[in-house]
Q: 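Before anything else, here's the structure in question.
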Amino acid sequence: MTLSISTWNINSVRLRLPIVEDFLKRANPDILCLQEIKCQNDQFPADAIAALGYGNIVIHGQKGYHGVAICSKLALTEDHRQDYCGVGDSRHISAIFEWAGRRIRIHNFYVPAGGDEPNRDINPKFGHKLDFVEEMKRLSAEAEPNTASILVGDLNIAPLEHDVWSHKQMLKIVSHTPVETEGLLDVMRQGKWVDLMRQQVPASEKLYTWWSYRAKDWAAADRGRRLDHIWSSADLAPMLKGIDVLKEARGWTQPSDHVPVTARFEAA
DNA sequence: ATGGTCGTGCGACGA
């Protein structure tokens, strides 16, 4: 009994539908969580994705910006959209599915990037990001009785030293400042979440999921960051069998700046 | 090296 879940910041699902289809045919996850779909609910290419076996789709879209969706082969119920910071952004959606006799809630997040200046007094976008992370601290992996939890998404923070190409050079760069990295580690600790990517890949190894569009040669420079994450409640962590970071997707035609990350589980 | 590149949707903004 296996389960695979992928997360991918797609940076416009309409523009990049061809590579979404390629990825689904090739990786064939049970569930794909997308961020930055950049469209309204009725513009989401649900028919094309359903045609590949993903007939269960829940969407929290928005015109032009942000937007998240869950595409699943398994039935989705009790979907919920939380308006973090109460600003009307579409940055979260969750739903329940059943697997191996378990009830599991999956959360899909797109945390604000936070702008360039890591100072909330002069950059409101950084303040918004910190407030968003603060609100996430109240989300427990054990929030619902008899329900396990999985949390995925573009969290726009690289929390560990080897989640960035140069810890020292990144300490004042938004996504790796101490207030952000400590905040995200607090979200994990307070919510009793397990970082499944780092359960699989030792913290001493470099691990990236995003490479900037601005680099002349992203692969040669390899100045990446681990901005995308897959977490779970403690009960699911022993069932994790593998993590796949599809780095080659960064080199595909008209790529997203993020690559898909997949967690593979197996129940006894 | 304080630039650089994207997407949306038509000017500027967010990333």
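Keep in mind that this is a model prediction, so the values were computed, not measured. Chain identifiers are assigned alphabetically (A, B, ...) following the order of the sequence lines, protein sequences preceding nucleic acid strands; residue numbering begins at 1 within each chain.
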Q: Given atom CD of A:Glu117 and atom P of B:dT2, what is their separation to the nearest angstrom?
A: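 Rounded to the whole Å, the gap is 16 Å.
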
Q: Would you kindly give the CD-to-C1' distance between A:Gln62 and B:dG9, to the nearest whole Å?
A: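 So the CD-C1' distance, A:Gln62 to B:dG9, works out to 15 Å.
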
Q: Could you state the atom-to-atom distance from NE2 of A:His258 to P of B:dG7 in whole Å?
A: 13 Å

Q: Between A:Tyr110 and A:Val13, who's closer to the 5' end of DNA chain B by nearest nucleotide?
A: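 Its nucleotide being nearer the 5' end, the pick is A:Val13.
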
Q: By nearest atom, which of the nucleotides B:dG14, B:dT8, B:dT5 is closest to the A:Tyr65 side chain?
A: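 That would be B:dG14.
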
Q: Flag the pair A:Lys125 and A:Glu117 as a salt bridge only when some basic side-chain nitrogen lies within less than 4.0 angstrom of an acidic carboxylate oxygen.
A: no

Q: Separation of A:Asn123 atom CG from B:dA15 atom C1', in whole Å?
A: 12 Å

Q: Under 4.0 Å between a side-chain N or O of A:His66 and OP1 or OP2 of B:dA15?
A: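 Yes, within the criterion.
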
Q: Counting only heavy atoms from other residues, nucleotides and ligands, does the tally under 6.0 Å from NZ of A:Lys241 exceed 12?
A: yes

Q: Can you tell me if A:Asn56 uses its side chain to pair, donor with acceptor, with the backbone of A:Ser72 under 3.5 Å?
A: yes

Q: Taking the same atom, P, in B:dG3 and in B:dG7, what whole-Å distance lies between them?
A: 23 Å

Q: What interatomic distance, in whole Å, is found between P of B:dG9 and the corresponding atom of B:dG14?
A: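 Those two atoms are separated by 15 Å.
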
Q: Could you please name the partner base of B:dA15, counting Watson-Crick and G-U wobble pairs only when both distances are under 3.5 Å?
A: B:dT5

Q: I need the NZ-P distance between A:Lys63 and B:dG9, as an integer number of Å.
A: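 Those two atoms, NZ and P, are 5 Å apart.
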
Q: With rounding to the closest Å, how many angstrom separate the C1' atoms on B:dA15 and B:dG4?
A: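 Pairwise C1' distance, B:dA15 against B:dG4, rounds to 14 Å.
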
Q: Does B:dG4 have OP1 or OP2 under 4.0 Å away from a side-chain N or O of A:Lys216?
A: no

Q: Just the rounded figure in Å: distance from C1' of B:dA15 to CH2 of A:Trp210.
A: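 So the CH2-C1' distance, A:Trp210 to B:dA15, works out to 9 Å.
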
Q: Run the side-chain contact (heavy atoms from CB on, under 4.5 Å) check on A:Val13 and A:Lys38 step by step: do they pass?
A: CA-CA 7 Å; A:Val13 70; A:Lys38 291 189 173 177; over 6 Å; no

Q: Using the side-chain heavy atoms of A:Arg14, tell me which of these nucleotides is nearest: B:dG9, B:dT5, B:dA15.
A: B:dG9

Q: Tell me whether A:Ser90 contacts the main-chain N or O of A:Gly61 through its side chain, where contact means a donor paired with an acceptor under 3.5 Å.
A: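 Answer holds: yes.
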
Q: Judged by each residue's nearest nucleotide on DNA chain B, which is more toward the 5′ side, A:Asn9 or A:Lys38?
A: A:Lys38

Q: Rounded off to whole Å, could you give me the CZ-to-P distance for the A:Arg223 and B:dT5 pair?
A: 16 Å

Q: Can you tell me if A:Arg91 touches the phosphate of B:dA15, counting only side-chain N or O atoms and a distance under 4.0 Å to OP1 or OP2?
A: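 Checking A:Arg91 against B:dA15: at least one side-chain N or O falls below 4.0 Å of OP1 or OP2.
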
Q: Output the rounded distance in Å from CG (A:Asp89) to P (B:dG14).
A: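 Value for this atom pair: 10 Å.
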
